[in-house]
Every structure is written in C-alpha cells, then in structure tokens.
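Below, each value reflects all heavy atoms present in this structure, side chains not excepted, and no hydrogens, waters or symmetry copies.
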Amino acid sequence: MEIHQSAVILLLVFATAFTAYGQPDDIKPRYQKFLNQHFGPSVSEHDCDKEIRKRGITASGTANGCKDVNTFIQANKNNIKVVCGRNGGTPQGGNLFKSNQPFPVVTCKLQSGQRHPNCQYRGKKSTRYIVLGCDREWPVHYEEGIIN
C-alpha cells in the first residue's frame with residue numbers, strides 16, 4: 001500500500017486544525033492572557049522593561065499598578081502546554097502541575113516605579129521547573145518557578 005504525499009499533507013492539515021479548534025471557548029481568553037504575560041521564547045534579561053510595557057502587563061486587581069515579578073518562559077507553546085498533561089507535568093494538587101523538565105526562564109523583578117508605564121525591572125535568566133495552573137490541559141496561570 002502506497003501513501004501519497006498529498007494524503008500525508010492533508011492529514012497534517014487536519015491534525016493542526018483539530019489542535020487549534022480543540023480548545024474550549026471559555027479557556028481561550030485565559031490562555032491568551034497567560035501567553036501575553038509568560039510566553040517569551042526570545043525575551044532576554046535585558047528586555048524586561050520593553051516587554052512588560054509593550055504587553056501592558058500590570059499587577060492583578062489594579063488598572064496601572066506595576067507588577068512585582070513577572071516570568072517569561074523561553075520555550076515554544078507546545079512544550080509549555082505539555083506541562084498540563086500526564087507526560088510533561090506532575091499534579092501538585094488543585095489545578096497545578098509541576099513540569100517534569102526544567103525550562104529556561106527570564107524573571108523580571110520590579111526595581112522602581114508604582115504605575116505603568118513607569119515601571120523599571122531587572123531581569124535574571126535561570127533554568128527552573130515551572131508550576132502552572134491548568135484548565136482542561138491548557139495553561140492559564142503561572143504559579144511559580146522552582147530551582148532544583
């Protein structure tokens with residue numbers, strides 16, 4: 001039995017479409033917020049001020065308050081999402097999962113300022129296990145990073 005190249009391409013298109021549309025509608029805005037705040041495959045420790053300002057990241061519950069700490073995960077979306085499943089993460093109770101593998105991250109800590117966009121951050125690059133809040137195997141919250 002011979003499989004034609006066009007059949008393989010068609011299967012790949014369907015698999016990609018299924019993955020993109022497999023996300024429940026109520027999770028989409030929470031997942032997008034998570035990506036905006038924590039997805040940073042090319043963010044360096046020198047980019048904290050620029051990235052936080054550009055993305056409009058502020059402290060929870062405030063209109064313009066500076067967030068004390070924000071972490072950018074330097075990995076692709078699929079590797080991050082895997083943490084919320086059985087193969088890539090270990091349940092920690094509730095909806096939290098700890099990654100089975102460490103991730104490179106940039107942690108941005110507030111140095112000065114109280115109101116966005118006048119927040120000044122200092123970034124530090126490290127490798128750590130991450131703990132994510134997940135909803136139906138989609139990351140929706142960055143809980144913490146654990147150095148081991």
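Taken from CZ in Arg128 to NZ in Lys98, the straight-line distance is 12.0 Å, to the nearest 0.5 Å. Between the CD1 atom of Ile73 and the OG atom of Ser99 there is a distance of 8.5 Å, given to the nearest 0.5 Å. Atoms OH and CG, on Tyr31 and Asn36 in that order, are 12.5 Å from each other to the nearest 0.5 Å. Cys134 SG to Phe34 CZ: the interatomic distance, rounded to the nearest 0.5 Å, is 8.0 Å. In this structure, CZ in Arg86 is found 7.5 Å from CD in Glu137, a value given to the nearest 0.5 Å. One finds the NE2 atom of His46 at 13.5 Å from the CD atom of Glu51 (value rounded to the nearest 0.5 Å).
Geometrically, Lys77 engages Phe39 in a cation-pi contact defined by less than 6.0 Å to the ring centre and at most 45° from the axis.
Between Tyr129 and Thr90, the closest side-chain pair of non-hydrogen atoms is not below 4.5 Å. Two residues are said to be in side-chain contact when any heavy atoms from C-beta on lie closer than 4.5 Å; Leu96 and Leu132 fail this criterion. Put simply, the side chain of Leu110 does not reach to within 4.5 Å of the side chain of Gln120, judged on heavy atoms. At least one side-chain heavy atom of Gln74 sits under 4.5 Å from a side-chain heavy atom of Lys125. A heavy-atom distance below 4.5 Å is found between the side chains of Lys28 and Gln23. By the 4.5 Å heavy-atom criterion applied to side chains, Val140 and Ile27 are counted as neighbours.
Considering all non-hydrogen atoms of both residues, Ala75 and Pro41 come closest at O-CB, 3.8 Å. Scanning all heavy atoms of the two residues, the minimum distance from Asn70 to Gln37 falls at ND2-O, 2.7 Å. Here the closest non-hydrogen pair linking Pro102 and Thr127 is CB-CG2, 3.6 Å. Contact record, Asp68 with Tyr121: O-CE2, 4.2 Å, taken as the closest heavy-atom pair. Of all heavy-atom pairs between Gly123 and Cys48, the closest is CA-SG, 3.5 Å. Heavy-atom minimum distance, Thr62 versus Thr58: O-OG1, 3.9 Å.
In this structure Val82 satisfies the side chain to side chain contact (heavy atoms under 4.5 Å, CB included) test with no other residue, sequence neighbours excluded.
In this structure, Asp26 pairs ionically with Arg136, as a charged nitrogen and a carboxylate oxygen lie closer than 4.0 Å. The existence of a salt bridge linking Arg30 and Asp135 is confirmed by a sub-4.0 Å separation between a basic side-chain nitrogen and an acidic carboxylate oxygen.
Side-chain atoms of Asp47 come within 3.5 Å of backbone atoms of Ser44 as a donor-acceptor pair (strictly under, hydrogens ignored).
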From CA spacing to verdict: side chain to side chain contact (heavy atoms under 4.5 Å, CB included), Gln92, Phe97: CA-CA 5 Å; Gln92 301 296 296; Phe97 288 79; 5.7 Å; no
Residues Gln111, Arg122; criterion side chain to side chain contact (heavy atoms under 4.5 Å, CB included); working and verdict: CA-CA 6 Å; Gln111 297 300 301; Arg122 176 170 293 137; 3.3 Å; yes
Val106 and Thr71: CA distance, side-chain angles, deciding distance, side chain to side chain contact (heavy atoms under 4.5 Å, CB included) verdict: CA-CA 6 Å; Val106 170; Thr71 302; over 6 Å; no
Step-by-step side chain to side chain contact (heavy atoms under 4.5 Å, CB included) determination, Ile80 to Phe103: CA-CA 9 Å; Ile80 296 169; Phe103 282 80; 4.3 Å; yes
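In the displayed structure, Gln101 atom CD is contacted under 6.0 Å by at most 12 heavy atoms of other residues, nucleotides or ligands. Within a 6.0 Å radius of CZ in Arg53, more than 12 heavy atoms belonging to other residues, nucleotides or ligands are found.
When only modelled atom types and interatomic distance are considered, Asn78 and Lys81 share no side-chain donor-acceptor pair under 3.5 Å.
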